[in-house]
J.: 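Pasting a structure here, questions to come.
Chain A is the first sequence line, chain B the second, and so forth, proteins listed ahead of strands; every chain is numbered from 1.
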Protein chains: 2
Amino acid sequence: MKKRVLISDIAKALGISVTTVSFILNDKAKEKRISDALTKRVLDYVNKVGYKPNQLAKSLRTGQTKILGLLVEDIANPFFSNVAKHIERRAYETGYHIIYCSMDNDEHKAKELIQLFMDRQVDGFIITPSEGLEDTISNIKQNNIPLVLFDRFVPSVETNYVVSDNRRGSYEATKHLLEGGNKRIGLISLYSNQTQMRDRLDGYMEAMDEFRVQSFIKKLNLDSSEAESQEQIREFVVDNKLDAVLFATNYLAVDGLKALKQHKTSLPKMVAFDEHTLFKLHDPSITVVSQDIEQLTRELIHTLIAEISGKLKEVRQLTIPCQLIVRESSISS
Amino acid sequence: MKKRVLISDIAKALGISVTTVSFILNDKAKEKRISDALTKRVLDYVNKVGYKPNQLAKSLRTGQTKILGLLVEDIANPFFSNVAKHIERRAYETGYHIIYCSMDNDEHKAKELIQLFMDRQVDGFIITPSEGLEDTISNIKQNNIPLVLFDRFVPSVETNYVVSDNRRGSYEATKHLLEGGNKRIGLISLYSNQTQMRDRLDGYMEAMDEFRVQSFIKKLNLDSSEAESQEQIREFVVDNKLDAVLFATNYLAVDGLKALKQHKTSLPKMVAFDEHTLFKLHDPSITVVSQDIEQLTRELIHTLIAEISGKLKEVRQLTIPCQLIVRESSISS
DNA sequence: TTTTTTTGCTAAATATATTTAGTAGATTGC
DNA sequence: GCAATCTACTAAATATATTTAGCAAAAAAA
């Protein structure tokens, strides 16, 4: 257990002041007119003894923790864990670390966690806001903490966000089903006012209206059990004699598949929102509206870092196109 | 943007010293003989103004960051993202935060990340060690940083670990296939000396030897492309005319399913290690050896917190039983 | 009454950096 | 030749807590 080297040890060893060492280590040698000779001497010595500044002391003084807070709906959902992986990689490349947590659509938990992260003085937030978070989000803004919303946003508060073009994605998916000759097409969604859900509903409606056919909409409770959800999905599909179904999230589609498999109901044509390993392998393979995680996370981190470094002059609100990936489940034989 | 309240503000407002406030806030009022009256007065005031100590200053002074470092193989793998979710929840309950990252079986990246986390002075590590990390793990131990290995361990270094009983899980799975009347049973694994892979091989071997039948073993490279893996799996299964296959990881099984689906090869009987949403829904549904994530993470956090708080008197090495969940894929019709 | 102990609290040191304000000496300007 | 400017640094303040060592007054013991 070797003792940590301090900046004062370096100063003492080289017979110079702590200030000088600090300037050199923070790339202010030129600005502060430290001679090249001394700069080199310090840098060489620092390298030799492998000095690393204490991040805590540094953060305490500068107010920058180089930590970002990532709050997603559920890190165990493959969509979000994929997002988390991309974000993590990009953040590390830029010298930031990520602390994360799942909010599980629990308003109380979310508020507590955001407060906890603020107490920890994260340099910025990435949040997929669940409902009821208007005040909290607004509070973050008021405290001037850099923030980017993700996957959905809060219309009543003007913030940066990066989301997918859910309305268009949903429209294209529905149109695809309509053009396949399906008449009775249902949408399975959630009782949720989150923007992504509203947009997916809107897109579905727009396509249905365009084709002048009746719409069938079933919303499930966020907190209903898997068994309840499955039963409701089955009923909805069977009772309405649906030809095709658009699922508003990947896990709704998974629930749907389970429900229909269990009851040996023959599968209607279907499209799901968001990719899932299952979908490529399922028999039949499942058509999806896929979000461009690569681009979403790139813009996300880019926006957040820009805001942190003060380079962002105005609010940045991006909508990234989705891609309809047609597989077997939506093709009429 | 209201200004932060400092401990000195409180002291000033109440006309007492900073020391006294600090004692009271750190539950040392009794020990330091602060009067009950004053204690209450301070606590009430703190509550009123909503004072929260600056974590950075606190950490700098005490050396405790209340942050744990979680290093997993791949956070996008559903097994690990599930683990991450459980760990996160338990950690927060105990007042700890998690910074995480994926090591992607990249030795260099892993070493860099561990060093980074050490520089950040995490209070403890949770690591699924990839190969070549003996020295780094040993280094963590030498620096007296609390550590629990997970999913696999490093035999050459004596550390805490929590792993599943992979040997037994593999043995049971193989035996189950043997008892189903399958003769030619193959194991698909990885070129890896990690303990969990060795144990899964051992368990397979033990069962095969017990039944006195020839074993078929195929190992894939960690870094081979999906296409390569798939081709090799297909060849292995077809060339050896296998009746059944045991896959040593969930993603190998997924690759296998993709490979066999693409080439319309009829599916042999199969069992996979680790659960995956896909497996319940696949047709046929896939039999798995399931790890008890609930118990694994409970023991994990419990052990780590015990070590951090100095309550752990000796190294703790736990092996948790797996469960064989029999589904359609392994049952002989 | 004097000494000892206890009570209830505080001043100053500490953790480890960054940053502001300033200084001594050398050089330049006029 | 003397003021003004520049060069190359540094002392001290700062960020915000925790912790050690110690002090004055009150109570108890002698």
Side-chain angles (χ1 to χ4, degrees), chain A residues 2-43 45-46 49-67 95 118-123, chain B residues 2-43 45-46 49-67 95 118-123:
Chain A
K2 43 185 185 286
K3 228 181 115 249
R4 258 192 111 95
V5 180
L6 306 181
I7 195 169
S8 52
D9 296 335
I10 296 171
K12 210 172 292 169
L14 297 179
I16 58 176
S17 81
V18 165
T19 311
T20 307
V21 180
S22 175
F23 283 155
I24 293 173
L25 288 176
N26 289 287
D27 287 327
K28 290 182 184 158
K30 276 276 162 320
E31 181 193 334
K32 297 292 177 179
R33 302 185 296 266
I34 312 293
S35 66
D36 290 357
L38 183 55
T39 300
K40 186 174 175 333
R41 206 153 67 89
V42 169
L43 253 25
Y45 186 78
V46 161
V49 298
Y51 167 75
K52 297 265 181 59
N54 181 318
Q55 277 297 326
L56 294 168
K58 195 167 182 151
S59 296
L60 176 59
R61 187 62 241 252
T62 62
Q64 292 238 319
T65 53
K66 291 278 175 181
I67 293 181
M118 286 177 70
D119 293 347
R120 277 223 173 262
Q121 293 173 259
V122 293
D123 285 349
Chain B
K2 43 185 186 285
K3 226 181 119 248
R4 258 192 109 97
V5 181
L6 307 182
I7 195 169
S8 53
D9 296 336
I10 295 170
K12 210 171 292 170
L14 298 179
I16 57 175
S17 82
V18 165
T19 312
T20 307
V21 180
S22 174
F23 283 153
I24 293 173
L25 288 176
N26 288 285
D27 287 326
K28 289 182 184 155
K30 276 279 162 317
E31 181 193 336
K32 297 291 178 180
R33 301 185 298 264
I34 312 293
S35 67
D36 289 356
L38 183 53
T39 301
K40 184 171 178 336
R41 204 152 70 88
V42 169
L43 254 24
Y45 186 79
V46 161
V49 298
Y51 166 75
K52 296 266 180 60
N54 181 319
Q55 277 297 326
L56 293 167
K58 195 166 182 152
S59 296
L60 177 59
R61 186 65 243 251
T62 62
Q64 291 237 320
T65 53
K66 290 278 175 181
I67 293 181
M118 285 178 70
D119 292 347
R120 276 221 174 263
Q121 295 172 259
V122 294
D123 285 349

J.: Please, which pairs that meet salt bridge (charged side-chain N to carboxylate O under 4.0 Å, His left out) have at least one residue in residues 49-60 of chain B, sequence neighbours excluded?
T.: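 Sorted result for residues 49-60 of chain B: A:D119-B:K52.
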J.: Which whole-number value in Å describes the distance from A:R41 CZ to D:dA8 P?
T.: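 Result: 15 Å.
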J.: Identify, with sequence neighbours excluded, every residue that meets side chain to side chain contact (heavy atoms under 4.5 Å, CB included) alongside B:K40.
T.: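 Here the qualifying residues are B:D44.
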J.: Can you pull out every side-chain hydrogen bond (donor to acceptor under 3.5 Å, both in side chains) where at least one residue sits in residues 6-19 of chain A? Sequence neighbours excluded, please.
T.: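 Sorted pair list: A:S17-A:T20.
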J.: Restricting to side-chain hydrogen bond (donor to acceptor under 3.5 Å, both in side chains), what partner residues turn up for A:Q55, sequence neighbours left out?
T.: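 Checked A:Q55 against side-chain hydrogen bond (donor to acceptor under 3.5 Å, both in side chains); zero matches.
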J.: Tell me the interatomic distance from B:D36, atom CG, to C:dG8, atom P, rounded to whole angstroms.
T.: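 After rounding, the gap between these two atoms is 9 Å.
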J.: Would you call A:L56 and B:Q121 a side-chain contact if the rule is heavy atoms closer than 4.5 Å?
T.: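 A side-chain contact under 4.5 Å exists here.
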J.: What is the distance from CG of A:L14 to C1' of D:dT10, rounded to the nearest Å?
T.: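 Result: 15 Å.
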J.: Can you measure A:K12 atom NZ to D:dT10 atom P for me and round it to whole angstrom units?
T.: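 Atom-to-atom, A:K12 to D:dT10, this comes out as 15 Å.
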J.: Tell me, which pairs form a salt bridge (charged side-chain N to carboxylate O under 4.0 Å, His left out) where one or both residues lie in residues 25-37 of chain B, sequence neighbours left out?
T.: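 The answer is B:K30-B:D36.
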J.: Quickly work out the B:Q64 CD to C:dA15 C1' distance and round it to whole Å.
T.: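 Atom-to-atom, B:Q64 to C:dA15, this comes out as 14 Å.
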J.: Given atom CG of B:D9 and atom P of D:dA15, what is their separation to the nearest angstrom?
T.: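 After rounding, the gap between these two atoms is 11 Å.
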J.: Produce a footprint string for nucleotides 16-22 of chain D: one letter per nucleotide, 5' end first; B if the base is under 4.0 Å from any protein heavy atom, S if only the sugar-phosphate is, - if neither.
T.: BBBBB--
J.: Only counting residues at least two apart or in another chain, list the ones meeting side-chain hydrogen bond (donor to acceptor under 3.5 Å, both in side chains) with B:R61.
T.: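 For B:R61 there are no side-chain hydrogen bond (donor to acceptor under 3.5 Å, both in side chains) partners, ignoring immediate neighbours.
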J.: Five pairs per end, C1' atoms only: what is the angle between the end axes of the helix from C:dT1-D:dA30 to C:dC30-D:dG1, to 10 degrees?
T.: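 If I round to tens, the end axes sit 60° apart.
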J.: Which part of the nucleic acid, if any, lies within contact of A:S35, taking any heavy atom under 4.0 Å across all strands shown: a base, the sugar-phosphate backbone alone, or nothing?
T.: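 If one applies the 4.0 Å heavy-atom cut-off, A:S35 turns out to touch the sugar-phosphate alone, with no base involved.
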J.: Think A:T20 has a side-chain N or O under 4.0 angstrom from the OP1 or OP2 of D:dC9?
T.: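 So the side-chain polar atoms of A:T20 never come under 4.0 Å of the phosphate oxygens OP1 or OP2 of D:dC9.
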J.: Please classify the nucleic acid contact of B:I16 as base, sugar-phosphate, or nothing, using heavy-atom distances under 4.0 Å.
T.: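 Touches sugar-phosphate only.
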J.: Between A:L6 and A:Y51, what is the shortest heavy-atom contact and its length?
T.: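 The answer is C-CE1, 3.7 Å.
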J.: For B:T65, give me all partners under side-chain hydrogen bond (donor to acceptor under 3.5 Å, both in side chains), at least two apart in sequence or on another chain.
T.: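 For B:T65, the residues satisfying side-chain hydrogen bond (donor to acceptor under 3.5 Å, both in side chains) (neighbours in sequence not counted) are B:D123.
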